[in-house]
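Reading through the structure tokens given below for one structure.
Chain letters run A, B, ... following the sequence lines, proteins first and then strands; every chain starts at 1.
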Protein chains: 2
Amino acid sequence: MADVSIRDVAAHAGVSVSTVSNALNRPETVSRRAIGRVLTAIDELGYVPNVAARQLRAGRSNSFGLAVINITNPFFSEVTLGAEEAAEKDGYSILVGNSYDSLDRQNRHLELFELQRVDGVLIAPLEDQPESIERFRNRGVPVVLVDRRDRTGNFSSVWLDDAEGGRLAVNHLVQGGARHVAFMGGPLTVRQMSDRLDGARAAAEAAGVRLTEFGTDTLNPGLGRELGERIVRMPESERPDAIFAANDVLALGVLQSLIGGGLRIPDDIAIIGYDDIEFAAAAIVPLSSVHQPAYDMGAKAAELLMRQLAEPDERFSAQFEPVLTIRASTRS
Amino acid sequence: MADVSIRDVAAHAGVSVSTVSNALNRPETVSRRAIGRVLTAIDELGYVPNVAARQLRAGRSNSFGLAVINITNPFFSEVTLGAEEAAEKDGYSILVGNSYDSLDRQNRHLELFELQRVDGVLIAPLEDQPESIERFRNRGVPVVLVDRRDRTGNFSSVWLDDAEGGRLAVNHLVQGGARHVAFMGGPLTVRQMSDRLDGARAAAEAAGVRLTEFGTDTLNPGLGRELGERIVRMPESERPDAIFAANDVLALGVLQSLIGGGLRIPDDIAIIGYDDIEFAAAAIVPLSSVHQPAYDMGAKAAELLMRQLAEPDERFSAQFEPVLTIRASTRS
DNA sequence: CATAGTGACTGAAACGTTTTACCTAAAACG
DNA sequence: CGTTTTAGGTAAAACGTTTCAGTCACTATG
């Protein structure tokens with residue numbers, strides 16, 4: 001049951017090695033009869049091509065690397081699914097590297113992609129201009145920024161105007177009567193976060209509304225819960241009457257604390273998240289959120305990568321629109 | 001900026017190709033001087049070894065495949081992290097295939113692993129005896145079942161007695177005064193689910209307590225929320241006074257509906273989950289749960305795989321203990 | 001009937017490593 | 001001083017593919 005190679009198949013089918021290869025890769029150049037024999041030989045021997053050899057010869061791996069900030073966040077796992085399915089259509093497979101919010105791990109995954117000679121890289125980067133990305137550019141490996149706008153002209157990108165998203169969120173809160181909005185999220189080294197904050201600031205200023213910032217190092221429900229408790233403990237006079245959480249995972253934690261602390265949503269305090277993950281609609285008080293088309297963004301990113309592969313000198317970008325999704329956690 | 005090969009490094013360093021290879025892989029056989037020159041050459045040229053070539057020559061890929069049921073579930077993403085870090089210590093990297101609860105996708109990922117010639121497979125299988133696993137066994141590629149006991153003697157495995165976990169959960173509910181327990185979870189084709197149910201049944205029977213089963217096709221918060229609403233709508237006489245949800249992700253959805261429906265936890269109805277994910281402690285009512293040491297299980301699985309690689313004829317198994325973690329959602 | 005063209009097939013080179021077997025010079029030994 | 005050992009280095013084969021440049025037997029063309 002050792003490895004069976006193309007040579008074994010050739011022998012068993014009574015044809016040459018090249019014919020086996022051709023039967024598999026350019027069947028139009030091979031007679032029906034030969035194809036048939038090759039196919040049954042493959043079947044009988046249980047032949048599986050060796051991608052390492054193919055890749056070595058071809059100089060291409062037919063795979064992409066996707067580095068993702070934190071796949072536990074359903075937003076990113078949707079992005080991943082979209083990218084995988086789009087890539088698969090064109091015969092590419094995707095190596096997923098989950099950074100778990102750690103820059104270190106992100107870099108390690110990028111190194112791995114380099115070793116594997118992936119044909120392209122999709123990355124939702126943890127910091128603004130990781131030099132590790134440059135390495136790919138220098139090697140001529142196309143890179144697509146996912147969920148992040150390229151400002152250098154060096155990369156293709158799939159993005160969504162997060163500042164606009166921040167504005168939408170805060171405007172909506174203001175329309176619902178908010179006078180004092182809390183922004184929660186971070187770290188601000190992640191561009192999405194700072195953009196959402198910028199948008200929130202702009203909207204708050206335009207409306208003449210107070211904005212208090214609660215910076216965080218990362219985004220998870222536990223942290224949200226802590227922040228929520230801080231809000232609950234605040235004297236009523238100081239307490240914001242609305243919260244914009246930079247992501248749903250955080251928002252859900254906050255929401256739980258607020259309710260646990262006896263605050264009524266949205267009457268005492270309104271809350272809106274970002275991403276519109278499935279969990280948001282299912283929350284105790286269904287969570288308003290700024291929707292991002294995660295699956296489509298992932299799929300589009302893979303498509304742009306393949307397009308850039310075809311036209312190496314071009315850069316492509318696709319902008320998606322944030323859409324307000326109003327549920328019970330805010331007044332409309 | 002085209003690809004630079006070991007040949008270029010050799011020329012640049014003024015040594016032979018073999019010396020470069022030796023400097024990298026068995027430095028003890030090469031003089032310090034030569035090593036130095038090779039290293040600087042590598043640095044100056046930006047050489048990155050080609051794994052495809054290395055793999056082709058070596059016949060091994062130095063990588064494992066890990067097929068996981070649904071990585072959005074923090075339990076599995078912890079398992080993945082554990083496996084990745086354990087494997088990395090020994091120079092292996094891990095290809096992660098997320099099945100998103102789909103058998104089809106799981107099989108596609110397994111095929112990919114086969115093409116890539118992974119040196120071993122870690123799998124949290126979606127069904128009991130996928131024939132796709134057999135293929136690896138036939139090829140002599142070691143397979144470790146993750147979060148699932150092997151009953152055939154063919155595979156190494158890392159597991160936890162889920163029946164015992166189910167018993168623990170229901171016993172705990174009963175001790176808290178429950179007379180009518182609801183079990184929620186599925187599908188029962190996934191062994192973990194049926195084992196948890198079996199344990200629950202046994203405990204309920206032993207205690208003379210009624211057990212109602214709510215079968216599901218999958219486990220997500222939205223589904224939990226639906227089930228919770230069904231509970232809320234039940235006439236009080238029919239309504240269970242305790243719930244055992246087969247996993248925390250489901251439990252959290254259920255919990256939200258219960259609270260939204262005005263039931264008091266745990267007075268009107270107690271609820272316990274399974275996995276003890278981080279989110280559980282942070283829930284609106286902190287969720288009691290059956291703890292599984294996810295990270296350790298992942299790490300152990302990778303270790304067993306490497307051990308089986310060293311001793312191909314042996315099979316190893318590691319059993320972990322489910323531990324009751326009591327929080328506010330149940331009476332103690 | 002000679003030539004060109006075509007369809008089906010094949011041998012061999014090449015991809016970038018690692019490793020085996022071999023070589024040489026210097027050191028150690030008696 | 002002659003022989004053996006050792007340290008350091010190298011050429012070449014091999015891993016399993018794909019593809020280029022032929023080869024060969026027909027068929028179509030004039």
Side-chain angles (χ1 to χ4, degrees), chain A residues 1-39 41-42 45-63 91 114-119 139-141, chain B residues 1-39 41-42 45-63 91 114-119 139-141:
Chain A
M1 285 300 142
D3 249 19
V4 16
S5 82
I6 198 173
R7 239 185 289 281
D8 303 318
V9 176
H12 197 262
V15 298
S16 78
V17 166
S18 343
T19 299
V20 176
S21 176
N22 285 331
L24 256 29
N25 303 309
R26 351 149 87 170
E28 69 281 5
T29 71
V30 177
S31 71
R32 306 189 69 73
R33 220 174 73 88
I35 291 188
R37 301 175 53 158
V38 167
L39 256 34
I42 285 179
L45 299 177
Y47 166 72
V48 175
N50 182 322
V51 288
R54 172 177 296 178
Q55 178 173 332
L56 176 58
R57 167 66 220 211
R60 305 176 316 112
S61 64
N62 273 306
S63 68
E114 214 177 345
L115 279 170
Q116 296 280 358
R117 297 284 197 284
V118 296
D119 298 338
R139 290 178 177 277
V141 175
Chain B
M1 287 302 140
D3 250 19
V4 15
S5 84
I6 197 174
R7 239 186 287 281
D8 304 317
V9 175
H12 196 262
V15 298
S16 78
V17 166
S18 342
T19 299
V20 176
S21 176
N22 284 331
L24 257 29
N25 303 310
R26 350 147 89 170
E28 69 282 3
T29 71
V30 177
S31 70
R32 305 188 70 72
R33 220 175 74 88
I35 291 188
R37 300 175 53 160
V38 167
L39 257 35
I42 285 178
L45 300 177
Y47 166 71
V48 174
N50 183 321
V51 289
R54 173 177 297 178
Q55 178 172 336
L56 176 57
R57 167 66 219 211
R60 307 177 311 116
S61 65
N62 273 302
S63 68
E114 213 177 346
L115 279 170
Q116 296 281 357
R117 296 285 197 279
V118 295
D119 298 338
R139 289 179 178 275
V141 175

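Residue A:Asp119 comes nearest to A:Ser61 through the heavy atom pair OD1-N, 3.0 Å, listed as atom of the first residue, atom of the second, then distance. Closest non-hydrogen pair, B:Val9 versus B:Val38, comes out as CG1-O, 4.2 Å. Of all heavy-atom pairs spanning A:Leu45 and A:Val4, the tightest one is O-CG1, 3.5 Å.
If you take CZ of B:Arg57 and C1' of D:dT17, they are 16 Å apart, rounded to a whole angstrom. Remark: P of D:dT10 and CZ of B:Arg7 are 15 Å apart, rounded to the nearest angstrom. Per the geometry, CZ belonging to B:Arg33 stands 18 Å off P belonging to D:dA7, to the nearest Å. Rounded to whole angstrom, the span from the CD1 atom of B:Ile6 across to the P atom of D:dA11 amounts to 13 Å. Here D:dT17 presents its C1' atom at 15 Å from CD of B:Gln116, a figure rounded to the nearest Å. With rounding to whole Å, B:Glu28 atom CD is found 11 Å from D:dG8 atom P.
Checking the phosphate oxygens (OP1, OP2) of D:dT18, a side-chain nitrogen or oxygen of A:Asn25 falls inside 4.0 Å. Between B:Ser18 and D:dT10, a side-chain N or O to OP1/OP2 separation shorter than 4.0 Å is absent.
In this structure, B:Ser5 and B:Asn50 have side chains that are not in contact, with every pair of non-hydrogen atoms separated by 4.5 Å or more. Between B:Leu24 and B:Ile42, some side-chain heavy-atom pair lies under the 4.5 Å cut-off.
Pairing for C:dG30 goes to D:dC1, judged as Watson-Crick or G-U wobble with the two contacts each under 3.5 Å.
Scanning atom types as modelled, no donor and acceptor separated by under 3.5 angstrom connect the side chain of A:Arg54 and the base of D:dT17.
Distance alone, capped at 3.5 Å, is enough to place a donor-acceptor pair between the B:Arg117 side chain and the A:Pro49 backbone. In this structure, the side chain of B:Gln55 engages the main chain of B:Gln116 through a donor-acceptor pair within 3.5 Å.
Among the atoms of the strands shown, none is found under 4.0 Å from any heavy atom of B:Arg60. If you check every strand for non-hydrogen atoms under 4.0 Å, A:Val51 touches nothing. As judged by a 4.0 angstrom heavy-atom cut-off over every strand, A:Ser5 is placed among residues touching the sugar-phosphate backbone only. Nucleic acid contact for B:Ala34: sugar-phosphate only, since backbone atoms but no base atoms lie under 4.0 Å from a heavy atom of the residue. Looking at heavy-atom distances under 4.0 Å, A:Ser31 makes contact with sugar-phosphate atoms alone, never a base.
Taking for each of B:Val30 and A:Val20 the nucleotide of DNA chain D with the nearest heavy atom, the 5'-most of the two is the partner of B:Val30. Heavy-atom nearest nucleotides on DNA chain C were determined for B:Asn22 and for B:Ala53, and the one closer to the 5' end corresponds to B:Ala53.
When DNA chain C is scanned 5' to 3' for any atom under 4.0 Å from a heavy atom of chain B, the first and last hits are C:dG16 to C:dT20.
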